[in-house]
Amino acid sequence: MANQSEELFQKAQNLIPGGVNSPVRAFKAVGGKPLFIKQGQGSKIVDIDDRAYIDYCMGWGALLLGHCHPFVQDTLKKTIVKGTLFGTPTQGEVELAEAITQAFPSIEKVRLVSTGTEAVMSAIRLARAYTGRDKILKFDGCYHGHYDPLLVKSGSGVLTLSLPNSPGITKDTAKDTIIIPYNDINSLEIAKAKFGKEVAAVIVEPVMGNAGVIPPEENFLQILKEFCNITGSLLIFDEIITGFRLSYGGAQEYFNIKADLTTLGKICGGGLPLAAFGGRKEIMDLLAPEGPVYQAGTFSGNPVSVQAGLATLKVLKNSQVYKELEEKGEALEKGIKESASKYEIPVCLNRIGSMFTIFFTKEKVIDLKSASTSNTKIFSRFFNLMLENGIYLSPSQFEGQFISLSHSTKEIEETLEGVEKSFKTIARELELGPYK
Ligand code: PLP
């Protein structure tokens, strides 16, 4: 008998393209049908069939405090009774701008927007205006939202013209984007020689989160910074995942490096739609109404999102938070690796702080190419076995798993028991390890 999620998905498919409002939610990468979630509390979510799961998707990384954090909830309750939108400046916007600029020393001025895509789009426009150049350098597998010039794929060879990655994007739009592999210094050198002086901005996820989690190799980010210094292009750190997650000051504090422009989202909106972009004053002051670069939004700096963001940052501004997240991450990593080696499952576990991905490959994953060696059939089986064990992972091999402050030691142990059981089943099915 179909459960309620299945019935609702059936109906949704007649009303919403693919039944979902964002593609990866449809579970296409893992087979099966998406769960419809009706509520969350702490680290758990509950579906409309009343089954509870420990959640590692956590609103795609937005919920670092977990679902329904009491302080954020209280703040929201107090806020919405006063009105939800005025289309005027509010005090909260100034407070959030202050909190962001204090957390990120490279951000002297910041503008609030509603989504990460919008933050990236605006940062790129600004970089082009500031430098008077057109080209953007990005890295294969980094996702920066669905902005046309960044929704492109590499051409047939390194540094050949990029191609649209979706119908509806023109070849002309794609042609100004240069794509090279992440962590690949040689390609960067070639790009410098060929296009250096035409590049307006290098945009990078300082830790890749959208081909699965892939940390930068030693000095990679520093070399990008040097590339920008030499060529006169701007370094944009897309910290929409890493901002306030790796540390309070994001990847820039974690790796001790400053970007020219930074995009933020997810965590700084406390689970509501809010994103931001910011950087040096001289660049940011090109924005209207101060300068000529147009950028605007009805919902920008929405008073409710702003208060959720402020409340979240208040909780995070505590030195213990990131130590605690690291400990939770370490415990999960250790347990998963132990189970993988016990059952001889080929696993490359990439983790940095509270974000991780289990790749089912023997290769070290350092870029999109090596990530693509992961056996997605095993991931899909693992995902579904974990679901049966009450654990909800981000539903694709090429996504991050996100630990929150609300994941208790007990829940981490339960997760590891689920991993052990799932790996055991996979080993039996594939005749690995003890089942050879
Ligand atoms: N940049 C990064 C690194 C992201 O992970 C995402 C979304 O996951 C975006 C940009 C786009 O953000 P949004 O989905 O809010 O438009």
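In what follows, every heavy atom counts, from backbone to side chain, and hydrogens, waters and symmetry copies are set aside. Values in this document were obtained by computation on a predicted structure and should not be read as measured data. Read the numbers this way: they start at 1 and go in the same order the structure lists the ligands and their atoms.
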Quick one: do the S374 and Q397 side chains pair a donor with an acceptor below 3.5 Å?
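Side chains of S374 and Q397: pair found under 3.5 Å.
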Region of [X] that comes within reach of ligand 1 [heavy atoms, distance under 4.0 Å]:
{"X": "I240", "value": "side chain"}
{"X": "N210", "value": "side chain"}
{"X": "H144", "value": "backbone"}

Any salt bridge linking [X] with [Y]? Criterion: basic side-chain nitrogen under 4.0 Å from a carboxylate oxygen.
{"X": "R133", "Y": "E198", "answer": "no"}
{"X": "E330", "Y": "K334", "answer": "no"}
{"X": "R280", "Y": "D260", "answer": "yes"}

May I ask you to list the atoms of ligand 1 that are less than 4.0 angstrom from any heavy atom of [X]?
{"X": "T115", "answer": "15 (O), 16 (O)"}
{"X": "D238", "answer": "1 (N), 2 (C), 3 (C), 10 (C)"}
{"X": "G116", "answer": "11 (C), 12 (O), 13 (P), 15 (O), 16 (O)"}
{"X": "I241", "answer": "5 (O)"}
{"X": "G145", "answer": "9 (C), 10 (C), 11 (C)"}
{"X": "T117", "answer": "11 (C), 12 (O), 13 (P), 16 (O)"}
{"X": "E205", "answer": "3 (C)"}

Measure the acute angle between the ring planes of F398 and F359, then classify it against the limits of 30° and 60° as parallel, tilted or perpendicular.
tilted
Hey, is W60 one of the residues with a heavy atom under 4.0 angstrom from ligand 1?
no
Taking a cutoff of less than 4.0 Å between a non-hydrogen atom of the residue and any ligand atom, is K266 in contact with ligand 1?
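For ligand 1, residue contact (heavy atoms, under 4.0 Å) with K266 is present.
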Ring centres of F402 and F356 under 6.0 Å apart?
no
Does the ring pair (Phe, Tyr, Trp, His ring centres under 6.0 Å) test come out yes or no for F139 and F220, once each step is laid out?
CA-CA 12 Å; F139 296 89; F220 178 64; 5.6 Å; yes
Of the options I180, L137, I179, D140, which is the one that meets S187 in a side chain to side chain contact (heavy atoms under 4.5 Å, CB included)?
I180
Salt bridge (Lys or Arg N to Asp or Glu O under 4.0 Å) between K38 and D47, intermediate numbers included
CA-CA 5 Å; K38 64 176 181 185; D47 71 9; over 6 Å; no
Can you confirm whether some protein heavy atom lies under 4.0 Å from atom 1 (N) of ligand 1, or whether none does?
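Protein heavy atom within 4.0 Å of atom 1 (N) of ligand 1: present.
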